[in-house]
Amino acid sequence: MKIATWNVNSLKVRLPHVLDWLAANQPDALCLQELKMEDKAFPLAELQAAGYHAVYNGQKTYNGVAILSRAAPTEVLRDIPGFSDEQKRIIAATVDGVRVICGYFPNGQAVGSEKFAYKLRWLTALTEWLREEMRQHERLVLGGDFNVAPEDRDAHPDWKDEIHVSEPERAAFAALLGLGLVDTFRLFEQPERSYSWWDYRLFAFRRNFGLRIDHLLVSPALTAACRSCAVDKTPRSLERPSDHAPVVLELAL
DNA sequence: ATGACACGACTATCGTGA
């Protein structure tokens, strides 16, 4: 089973890239973030024609998440239960017996800002909900744009800003690991300076000035089944790319 | 020190992203 995550930075603009990538990679499930569209604009027909089911939780201009899958998704859930939030950042569905949770974590803007406080509140709510979700679903994958680079090696040495690498954000990421979730990328040998996002400005991709902030975490019951996890940098070189690259996890399921 | 680039929004600059 192949599960991937990709922040597409507007599904309207990126749909051709997504369709090409699906055809080339044939994932069983793909988590998408930053759709930046309302549900009524979701390109369901095009994705169905490509052989995929889709469930989505969209909003105008900002945020928006979706799960595409070969098999029909069941037990679809939108938003973190009990957490009052206008922003559409979570969708969950069960695919082939695996609970897939797709998240677009808040950016946080600047350490100490109101948006930063929201980011930490959101992370706390997510963690508490996941604790319960993991009780009900032994096989669980949490994929998405976490907007946190968990360790120093996950940020370019010249990344001077505090946001995405601050102690409170990393503590919140560690709390997810504390639930038993495993960062599958680190189960395998990886190239030096592996990142999943590069700024559009200043030739950042060419210079590999990036951050590893897109992750695929699995529950303990799935850890032994992991066969590979890698960043696919290919789409980042296309015309009008997303600033994020897909991350792909292969499971022996 | 600031901005750079991309996207969407009541098309004209601006909020937001990371």
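Annotation for A:Gln136: atom CD counts as buried by contact number, over 12 foreign heavy atoms lying within 6.0 Å. For A:Arg139, the CZ atom is loosely surrounded, since the number of other residues' heavy atoms within 6.0 Å does not exceed 12.
A:His17 places its NE2 atom 13 Å from the C1' atom of B:dA6, with the value rounded to the nearest Å. The separation between A:Arg207 atom CZ and B:dC5 atom P is 13 Å, rounded to whole Å.
On the C1' atoms, B:dA1 is 23 Å away from B:dT13, given to the nearest whole Å. Straight-line distance between the C1' atoms of B:dC5 and B:dC10: roughly 24 Å, to the nearest whole Å. B:dA18 and B:dC14 are spaced 22 Å apart, taking the P atom of each and rounding to whole Å. Nucleotides B:dA4 and B:dG17 have their C1' atoms positioned 14 Å apart, rounded to a whole Å. Rounded to whole Å, the C1' atom of B:dC7 lies 15 Å from the corresponding atom of B:dT11. Look at the C1' atom in both B:dA12 and B:dG8: the space between them is 13 Å, to the nearest Å.
Within the structure, every side-chain polar atom (N or O) of A:Arg240 is placed at least 4.0 Å from both OP1 and OP2 of B:dC5. A:Ser242 has no side-chain polar atom (N or O) that falls below the 4.0 Å cut-off from OP1 or OP2 of B:dA6.
Between the side chains of A:Asn208 and A:Arg193, no donor N or O sits under 3.5 Å from an acceptor N or O. Side chain to side chain, A:Asn7 and A:Asp214 fail the donor-acceptor criterion of an N or O pair below 3.5 Å.
Among residues two or more places apart in sequence or in another chain, the side-chain contact (heavy atoms from CB on, under 4.5 Å) test is passed with A:Ser194 by A:Phe185, A:Gln190, A:Pro191. Applying the ring-ring contact (aromatic ring centres under 6.0 Å, His included) rule to A:Trp129 yields no partners; only residues at least two apart in sequence or on another chain are considered.
Of the candidates B:dG8, B:dA9, B:dA4, B:dA9 carries the atom nearest the A:Lys60 side chain, counting heavy atoms from C-beta on.
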Could you run down the sub-3.5 Å N/O contacts of the protein with nucleotides 15-18 of chain B?
unit_1	atom_1	unit_2	atom_2	d
B:dT16	OP1	A:Lys115	NZ	3.4
B:dT16	OP2	A:Lys115	NZ	3.4
B:dA18	OP1	A:Glu34	OE2	2.9
B:dA18	OP1	A:Tyr104	OH	3.3
B:dA18	OP1	A:Asp145	OD2	3.2
B:dA18	OP2	A:Tyr104	OH	3.1
B:dA18	OP2	A:Asn107	ND2	3.0
B:dA18	OP2	A:Asn147	OD1	3.4
B:dA18	OP2	A:Asn147	ND2	2.9
B:dA18	O5'	A:Asn107	ND2	3.4
B:dA18	O5'	A:Asn147	OD1	3.4
B:dA18	N9	A:Asn107	ND2	3.4
B:dA18	N7	A:Asn107	OD1	3.1
B:dA18	N7	A:Asn107	ND2	2.7

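Taking 90° from 0 as the syn/anti boundary, the base of B:dA4 is oriented anti.
By the 4.5 Å heavy-atom criterion applied to side chains, A:Asp145 and A:Ile213 are counted as neighbours.
Looking at heavy-atom distances under 4.0 Å, A:Arg14 makes contact with sugar-phosphate atoms alone, never a base.
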